[in-house]
Amino acid sequence: MRMRKMSLWIVAGMALFCCTAVGQERASQTPVRSSEYDLKREGTLVGTVVSYTESSTTPPLGAHVALQTTGGVVDVHLGDPRVLTANHLNIQTGDTLRIIGENVAFGSASPFLARIVQKGTQALTVRSERGIPVRYVVQKNGAESKPRGGVL
Amino acid sequence: MKRLFWLAALAVAAALTACGGGGGSSVPPPPPTGGFSLSSLKGQYAFSMSGLDPNGQYLARTGSFVADGSGNISSAMEDVVDLSLGTPLEVTFVPGKYSVLANGRGVIALQDTSGNPLTLTMILQSSSQGYLLQTDTGPTGTGSLGSFNLQTPTDFAATALNGNYVFDFSGESLTGATPTVVSTVGNISANGNGLITAGVIDTNDGNSGPTGAVPLTLPGSYQLDPANGTTFGRGTAQFAGHTYAFYIVDATRFKFLEEDLLGGTSGDGVLQTGAIPTQNAGFTGSFAYLVGGSSIAGPDAAAARFTADGAGGVGTISYDESNDGTPLHIAQGSNISGATYAIDTTNAGSGRGTFTFTDSGSARTFQYVFYLSSPTSGVIQDVSSGTVADGSFFGQTGSPFTLAGLAGNYAFNWSGVNLSSFGVENYVGQYALASTASNNISGVVDATALDINGVASYPNSGAQGTLTIASDGSTNNTYQITTGSSVSPAYNFQAYIVDANTVLLVNTDSTHTRVLAGFVSRQSQ
C-alpha cells in the first residue's frame with residue numbers, strides 16, 4: 001500500500017526538462033495578498049540559481065533559492081531542506097531550475113512557494129496541492145525520503 | 001536482562017529525586033513539594049500518546065495500565081500505530097515500576113514481552129489524570145507526548161458507549177496525492193448495543209481541504225475486544241470508512257486510535273452532556289481555544305478568545321499565532337470585520353457550529369468549525385485557507401483573573417517543532433505559581449527533542465519565569481519561562497486563561513526558533 005503510494009509522492013523523472021531557455025513561464029501574475037495556496041493560480045518559474053540557502057532565517061523558514069528569471073530575481077521557498085537532501089536534489093549556484101508554485105501572502109511579504117521543483121530530469125514534490133509543506137521522513141533502507149505533510 | 005532493565009529504571013527514579021543539576025541545569029529545579037505520593041497513582045488508567053518515530057513517521061499509542069499505589073504496574077497493554085512499521089501492534093507488558101515525587105512528577109518504567117522498554121515521565125494533575133512524555137532515547141525512543149485518565153472498569157462493556165460523542169482525531173492521512181496532516185472532528189451516536197447509528201463529520205486535510213459537514217450515510221459498529229475488553233477496556237470501532245481501536249476511560253470518554261493504515265490519527269471521544277445549543281441564541285458567553293497543525297508556511301499554532309452574543313455575532317477577539325515562527329497578534333478593534341458565528345441548524349443537535357472573522361491588518365480571514373461536547377466546551381478545527389489545525393475549545397469563566405486567584409501548583413505540557421532542526425520538541429513539567437508580580441513561576445521541566453540524530457532527553461531542568469496578567473486577564477497575557485534545559489534557555493508565550501484551573505499557551509518568540517503550544521492545568525492533591 002505504502003510502496004504504491006511512494007510512486008505518487010516522488011515525482012522524480014515525471015517530465016523531461018526540455019526547456020533550456022532561462023525564462024519565466026506563466027508565473028503568477030496576480031498581485032497577491034491571498035494567504036491561500038490555490039492550484040488555479042499556480043505558475044511556473046524557470047531560471048538560474050543565484051543563491052541557495054539551506055536554512056534561511058527569512059520567513060517562511062527552510063530552504064530558499066534566489067532564482068534569476070526573465071522577470072527578475074525571485075525568492076522561492078522550497079520547504080524542509082532535508083526533503084531535498086534526502087531525495088538527492090542538490091541545488092547549487094548556476095543550476096537551472098523549473099519550479100511550479102505561486103506567490104502567497106505571508107506576513108508583509110508574498111514569497112513564491114514551490115510545490116514542485118525540477119532540476120534536469122528530477123522533479124520533486126515539496127508541497128501538497130493545498131500548499132502544505134511535505135515533511136521529511138527517513139527511509140529505513142536509506143532510500144529516498146517520502147514527502148509528507150507537516151504535523152505539529 | 002530484566003534485572004538490568006529494572007536497575008536502569010531505578011536509576012531513572014533516582015535521577016528524578018535529584019533536586020538539581022539535570023541536563024546541566026543552570027536553573028536548578030526547586031525541591032519537589034506537594035501532596036503527591038506513590039499512592040496517588042492507584043487504579044487502572046487509559047493513556048494515549050502521539051508524535052513521530054525516529055524516522056520522522058507518525059506514531060501513536062493508546063493503552064491501559066494498572067498501578068497498585070505502591071510503585072508497581074501490575075499489568076499493561078497498548079495498541080501502537082507506527083507508519084514506519086505499517087501493521088498496527090497490540091503490545092503487552094510484563095509487570096513494571098513507577099515512582100511519584102511530592103510535586104506529582106514521576107516515571108513509569110515498562111518493558112514489553114519482547115524486552116523493549118517504554119519509559120514515560122509523568123506529571124500528575126490529580127490522582128485521576130496527568131500528562132505523559134516518552135523519554136526513551138534508544139532505538140525505541142520517539143518524540144511523543146500524551147495524557148492518561150483513570151478508568152472505570154465497571155464501564156468496560158459495549159453498553160458503555162451509549163449516547164452522542166464528540167471527537168477530535170488528528171494525525172496524518174495517506175489517502176491523498178501527498179501524505180499530509182489531517183484533522184477529523186465530529187459527532188457520532190452510539191446505541192449502547194454495538195451500532196453507531198448516526199453522525200456528522202468534518203475532515204480537513206492538506207490535500208483536499210475542508211469537507212464541511214458530512215453526515216454518516218452508513219451505520220458504523222463497535223465491539224468490545226473478546227480478549228482484552230473486560231480487562232483493559234479495549235474495543236474496536238468502524239465508522240466513516242475507518243477502523244479504530246479504542247480504550248474505555250468510562251462511559252463519558254473513549255480514547256481512539258486509527259488502525260486501518262489509511263493514515264494515522266488518534267484522539268478522544270467525549271460524551272455530549274448538557275443542553276447543546278441548536279440555535280444561535282443558545283450559544284453565548286466568552287470562549288478560549290487552542291489549535292495546532294500546519295499552514296502553507298510550516299508548523300502553525302494559535303491561541304485565542306472571543307465572545308458570542310447569542311445572535312450570531314462574535315466580539316472581543318484576541319488572537320495570537322505562531323505561523324512557522326512568525327508571530328501574529330490580533331486585538332479586537334477596527335481591523336476586525338465579518339466576525340460571526342452560526343450554530344448548525346441543518347445538523348441540529350450535533351453541537352456543530354462555525355465562526356469566522358477577518359483581520360484587515362494581516363489580510364486574513366479565519367474560519368473554524370467546532371463541535372460542542374457541552375454548552376461551553378468542545379473541539380475545534382481550523383479551516384482557514386492554507387491551514388490544517390485543530391484543538392480544544394472552552395468556555396472562559398472567572399474573569400477578572402488575578403495572580404492571587406490563580407496561585408497554586410500546576411502541571412503543564414508544551415509540544416511543537418524546532419524550526420532550526422525541523423525536529424519535534426515535547427515538554428512536560430510542574431511549577432508553583434505565586435501571587436507576586438514577577439518571578440512567580442518556579443518548577444521543573446522534562447523535555448525531549450527528536451531530530452535527524454534521534455531522540456535526546458533533557459530531564460529535570462529548572463523552570464522559572466513570570467506570568468504577567470494584562471488588564472482583567474481575559475485576553476492575551478505574557479508568560480515567560482527560563483529553563484536550565486539545553487533545549488532552550490528561554491521561552492516566550494502568550495497565555496490565554498480559561499478559568500482558575502486552565503491556561504492555554506502559544507509561543508510567540510520573534511526569533512523564528514520554534515512553534516510551541518500547550519496546556520497548563522491546576523494540580524489537585
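Protein chains get the first letters and strands the later ones, always in sequence-line order, with residue 1 at the start of each.
- Most heavy-atom pairs under 4.5 Å with chain A, from the set Gly298(B), Ser208(B), Ala297(B): that is Ala297(B).
- With respect to chain A, the highest number of heavy-atom pairs below 4.5 Å among Ile452(B), Asp53(B), Thr365(B) belongs to Ile452(B).
- Qualifying ring-ring contact (aromatic ring centres under 6.0 Å, His included) partners for Tyr131(B), counting only residues two or more places apart in sequence or in other chains: none.
- When heavy atoms are compared at a cutoff of 4.5 Å, Ser183(B) does not approach chain A at all.
- Both the backbone and the side chain of Leu61(A) come within contact range of chain B, with heavy atoms under 4.5 Å apart.
- Looking only at heavy-atom pairs under 4.5 Å with chain A, the residue among Ser295(B), Pro54(B), Gly325(B) that has the most is Ser295(B).
- A centroid separation of 6.0 Å or more is found between the aromatic rings of Tyr368(B) and Phe393(B).
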**Asked** Would Ser173(B) and Thr175(B) satisfy side-chain hydrogen bond (donor to acceptor under 3.5 Å, both in side chains), going step by step from the backbone distance to the final call?
**Response** CA-CA 6 Å; Ser173(B) 169; Thr175(B) 59; 2.9 Å; yes
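- Of the atoms belonging to Ser50(B), not a single heavy atom falls under 4.5 Å from chain A.
- Residues Phe169(B) and Phe256(B) bring their aromatic ring centres within 6.0 Å.
- Contact annotation: the side chain of Leu113(A) approaches that of Pro60(A) to within less than 4.5 Å [non-hydrogen atoms, C-beta and beyond].
- Among Leu419(B), Thr387(B), Asn323(B), the residue with the largest count of heavy-atom pairs under 4.5 Å with chain A is Asn323(B).
- Tyr319(B) and Phe357(B) have perpendicular rings, their planes meeting at more than 60° on a 0 to 90° scale where under 30° would count as parallel.
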